[in-house]
Amino acid sequence: MSCGEGGSVEKYREAVAQWLAPVLNMPEAEVLALLRLPPDSSLGDYALPCFALARTWRRPPQQIAAELATRLALRPPFAAVVAHGPYLNITLDDAVLSREVLETILAAAEHYGEGREGQGKKVLIDYSSPNIAKELAFHHIRSTMIGHALKQILRARGYTVEGINHLGDWGTPFGLLIAAYKRFGWDAAAEVEPIVQLNALYVRATEEAARDPAFAEEGRRWFQRLEAGDAEARRCWQWFVEVSLAEFQKVYDLLGVSFEHILGESFYEPYIAETLEWLQAKGLVKESDGACIVDLSAYDMPPFMLKKQDGTTLYSTRDLAALLYRKRVMGFDCCLYVVDMGQSLHFRQLFKVLELAGCDWVRDCHHVPFGLVLMKDPDSGRWVKGSTRKGRVSLLKAVLEEAIAMAREKIAASNPTLANPDAVARQVGVGAVVFNDLKNRRIKDVKFDKEAILNPYGETGPYMQYTHARCASVLAAAPVTPGEGVDYALLREPEERALVRKLAAYPEAVASAAREWEPAIVAQHLLAIAADFNSYWTRGTKDARVRILREQDPATTAARVTLTAAVRTVLRNGLRLLGVPAPDEM
RNA sequence: GCCCCCUUAGCUCAGCGGGACAGAGCAUCGGACUUCUAAUCCGAGGGUCGCAGGUUCGAAUCCUGCAGGGGGUGCCA
């Protein structure tokens, strides 16, 4: 079942054009192109700006709008046509629209918002992709959740999507790590989690390499041995991978994120040789200062490195092999890389190399960049990129735990009788961190502000969840089943009219998010729905006539309960796409 | 030096297939809980949409230049 593509208000656009065309003496297509959305739904559902007409009609646009308003004979599904300055505003009949929208949502339920424009198309998304031997830092939330949300959003629009966690598990750093392990050993008796110890060893290895060239050389040799398949090196490395993956999995479980493929860079190691030969055969490989490169100077880009002087490969080489593997073995119609914008040059180079190699399919590969998480540098007071070495990072797990603790405290204070406070606290805490990351356009840098992340008030995850729980709570107390014997004409309050229209526009918001690879479009749309619903709900506490549940007015109650059910469905569906849990109580 | 991204209220942002008075949240101040969860809502103050040009009947939105900030820029990933 696939529902709501285009949206209900959209559906009537053509009817508007048909209606206006004869009066304007213009072809329908042209009228359609002129139609706009009024800034506020209280003004109308469609607007015809009359500026363009003013030129040909040689009259002020205000006059044209006024005249059109009198010349148009009202007919269903239109309820009003009025001139508003230079605009002609057209309003749909509330009963017709509300019925259409709410019945669609009720019938589609968890499928509302889905579409089929992606049917038959396979998308691969590379996301999360942390480096092993280090704990997940806060900034890993970005690729992980943006990628996860895009996966859900694209699936909702009919695409077949597979997520790939492209672990950074290969390269010189792991040679250094082995060297450090051999030199400094391991304290098996220590009461410290293996990942923490591994992380410490990693930091020590990097420091040592910077200080001592001999140690750096030792590390490079270990990586050479690793790449050559040396058993001892391999054994160490394998253990690093296991420790890291076990740790990552804990965080992924907390976030509700999973992958169809977890394949590290190491996985493509066996394909490196053939990839290089293939590029060689294309005549693209050049030797330069003892290294292997693809010269991209003709395209104003630095060379693409394939092999270092010491003969070992780089992440660029492995990315190349990985993409070829993805195309050849996994297959895709579109391959997305959800990676921070600091790597845009790398991807431009990567795609250019494949283009030069004659791979026309590379135009289906896209870097989906996002802004960096900036940390406040205590010395300069400036916002700069985080750095493990300088201790300028927060661990993702720690932030999540703090958020959960915040939620737990809030529950204890506000809702002490809640049945399963710990489970809900986990949902709310995680939701707070996730929504905070997805609510703004991904390209914006994120200034790490723990106060903002943990704040449960305002435009936040808890706000969205709270609104959802409010809907659930009203529905639990409702004496009627949503959608049964409803007189849709009773939904006349301004908030009701606005909500119906925003609910109607939800599928289009999901479709836009899928087109632009931008989860924030969904988040912002949900935020607007929640704001309207909360205003509506609160007005009901002051004015009994606006209450959703009215014992003395079953007909109005039935209509409002139906609207509430639809709001809840859309909030729940949207939050699910974003990876934000939606508890019924909190 | 060169390349990419960002610049809208004190702070964080939305709005950007041009169009109706530039909207939220946080913070500040003032209000609303015997009634469907106040993690809510209502109100107030606060903005020459970085600057300068250009296109247009009309520009926060499109184009050019400049400035500030962030990032990248051949052997890290």
Are A:F174 and A:F240 near enough that their ring centres are under 6.0 Å apart? no
Length of the CG-C1' vector between A:D445 and B:C4, whole Å: 12 Å
Rounding to the closest angstrom, what is the interatomic distance between B:C42 and B:C26 at atom P? 11 Å
Per atom distances to the A:N534 side chain, the nearest of B:U40, B:A39, B:C75 is B:U40
Indicate, with a heavy-atom threshold strictly under 4.0 Å, whether A:R539 touches base, sugar-phosphate, or nothing. nothing
Work out how far the C1' atom of B:C2 is from that of B:U8, and round it to whole angstrom. 30 Å
Looking across every strand, which nucleic acid part, if any, lies under 4.0 Å from A:A469 by heavy atom: base, sugar-phosphate, or nothing? base
Scan A:P302 against the nucleic acid and name what it touches under 4.0 Å (heavy atoms): base, sugar-phosphate only, or nothing. sugar-phosphate
Applying a 4.0 Å non-hydrogen cut-off, can you work out what A:A47 is touching in the nucleic acid: base, sugar-phosphate, or nothing? base
Flag for A:E227-A:T313: side-chain donor and acceptor within less than 3.5 Å: yes
Which word best sums up how the rings of A:Y536 and A:F533 line up, parallel for under 30°, tilted for 30 to 60°, or perpendicular for over 60°? perpendicular
Does A:T172 or A:G540 map to a spot on RNA chain B nearer the 5' end, using the closest nucleotide for each? A:G540
May I ask you to say what A:L314 touches in the nucleic acid, namely base, sugar-phosphate or nothing, with a heavy-atom cut-off under 4.0 Å? sugar-phosphate
Closer than 4.0 Å, any side-chain N/O of A:Y466 to the OP1 or OP2 of B:A38? yes
Measure from CD1 on A:I443 to P on B:C6 and round the result to the nearest Å. 6 Å
Report the residue (A:G85 or A:H346) whose heavy-atom-nearest nucleotide on RNA chain B is the more 5′ of the two. A:G85
By the 4.0 Å heavy-atom rule, please label A:M301 as base, sugar-phosphate, or nothing. nothing
Consider the side chain of A:L372, meaning its heavy atoms from C-beta on, and name the nucleotide among B:G71, B:U40, B:C6 that approaches it most closely. B:G71
Mind checking A:P49 for me? I need base, sugar-phosphate or nothing, with any heavy atom below 4.0 Å counting as a touch. nothing
For RNA chain B, what are the stems built from at least three Watson-Crick or G-U pairs in a row, each pair having both distances below 3.5 Å? B:1-7 with B:67-73, B:10-13 with B:23-26, B:28-32 with B:40-44, B:50-54 with B:62-66
So what does A:D584 touch, heavy atoms closer than 4.0 Å: a base, only the sugar-phosphate, or nothing? base
Classify the side chain of A:S288 and the base of B:G74 as holding, or not holding, a donor-acceptor pair under 3.5 Å. yes
Under a 3.5 Å cutoff, is there a donor and acceptor pairing between the side chains of A:H139 and A:D340? no
Check every strand shown and say whether A:Q343 touches a base, only sugar-phosphate, or nothing at a heavy-atom separation below 4.0 Å. base
Remember a base hit wins even if backbone is also touched, and classify A:Q309 as base, sugar-phosphate or nothing at under 4.0 Å, heavy atoms. base
Euclidean distance, atom CZ of residue A:R59 to atom P of B:C57 [Å, nearest integer]: 20 Å
Decide whether A:S129 and A:D126 meet the rule of one side-chain donor and one side-chain acceptor closer than 3.5 Å. yes
A:V424 versus A:E585, closest heavy-atom pair with distance: CG1-O, 3.6 Å
From C-beta outward on A:N440, which listed nucleotide comes closest to its side chain: B:C13, B:G74, B:U73? B:C13
Counting heavy atoms from C-beta on, name the nucleotide in B:G72, B:U40, B:C41 closest to the side chain of A:K385. B:G72
Considering only side-chain heavy atoms of A:R55, which listed nucleotide, B:A20, B:U56, B:C42, is closest? B:U56
B:U56, B:A14, B:A39: which one has an atom nearest the side-chain heavy atoms of A:K444? B:A14
Base, sugar-phosphate or nothing for A:Y463? Non-hydrogen atoms, less than 4.0 Å. sugar-phosphate
Need one value for A:T541: base, sugar-phosphate or nothing, where a base atom within 4.0 Å counts as base even if backbone is also close, heavy atoms only. base
Mutual orientation of the aromatic rings belonging to A:W237 and A:W170 [parallel < 30°, tilted 30-60°, perpendicular > 60°]: perpendicular
Between P of B:C6 and CH2 of A:W383, the distance in whole Å: 20 Å
Rounded to the nearest Å, what distance is computed from the CG atom of residue A:D340 to the P atom of nucleotide B:U73? 11 Å
Compare side-chain N and O positions of A:K307 against OP1 and OP2 of B:G74 and report whether any pair is under 4.0 Å apart. no
What are the two closest non-hydrogen atoms of A:A291 and A:K307, and how far apart are they? CB-O, 3.2 Å
Between B:C76 atom P and A:D169 atom CG, what is the distance in whole Å? 17 Å
Of the candidates B:U73, B:G25, B:A20, the side chain of A:P38 sits closest to B:A20
At less than 4.0 Å, is any side-chain N or O atom of A:K447 found next to OP1 or OP2 of B:U12? Yes or no. yes
Verify the contact: side-chain N or O of A:S535 to OP1 or OP2 of B:C41, cut-off strictly under 4.0 Å; return yes or no. no
How far apart are the closest heavy atoms of A:A54 and A:P61, and which atoms are they? CB-CD, 3.8 Å
What's the closest nucleotide to the A:M341 side chain, out of B:G70, B:U40, B:C75? B:G70
So, is B:C41 syn or anti if syn means the angle is within 90° of 0? anti
For A:A477, which contact category applies under a 4.0 Å heavy-atom criterion: base, sugar-phosphate, or nothing? nothing
Parallel, tilted or perpendicular: rings of A:F304 and A:H346 (30°, 60°): parallel
d(NE2, A:H525; P, B:G15) in whole Å: 13 Å
Which part of the nucleic acid, if any, lies within contact of A:N455, taking any heavy atom under 4.0 Å across all strands shown: a base, the sugar-phosphate backbone alone, or nothing? sugar-phosphate
I'd like to know if A:E117 and A:R515 make a salt bridge, using a cut-off of under 4.0 Å between side-chain N and carboxylate O. no
Can you check the distance between B:G25 and B:A9, where both ends of the measurement are the P atom (answer in whole Å)? 16 Å
Return the value, rounded to whole Å, for the distance between atom CH2 of A:W222 and atom P of B:C76. 20 Å
Looking at B:C36, B:A39, B:U7, which one has an atom nearest to any side-chain atom of A:L549? B:C36
Taking only N and O in the side chain of A:R550, is any of them less than 4.0 Å away from OP1 or OP2 of B:C36? no
Ranking B:A24, B:A39, B:G74 by distance to the side chain of A:P456, first place goes to B:A39
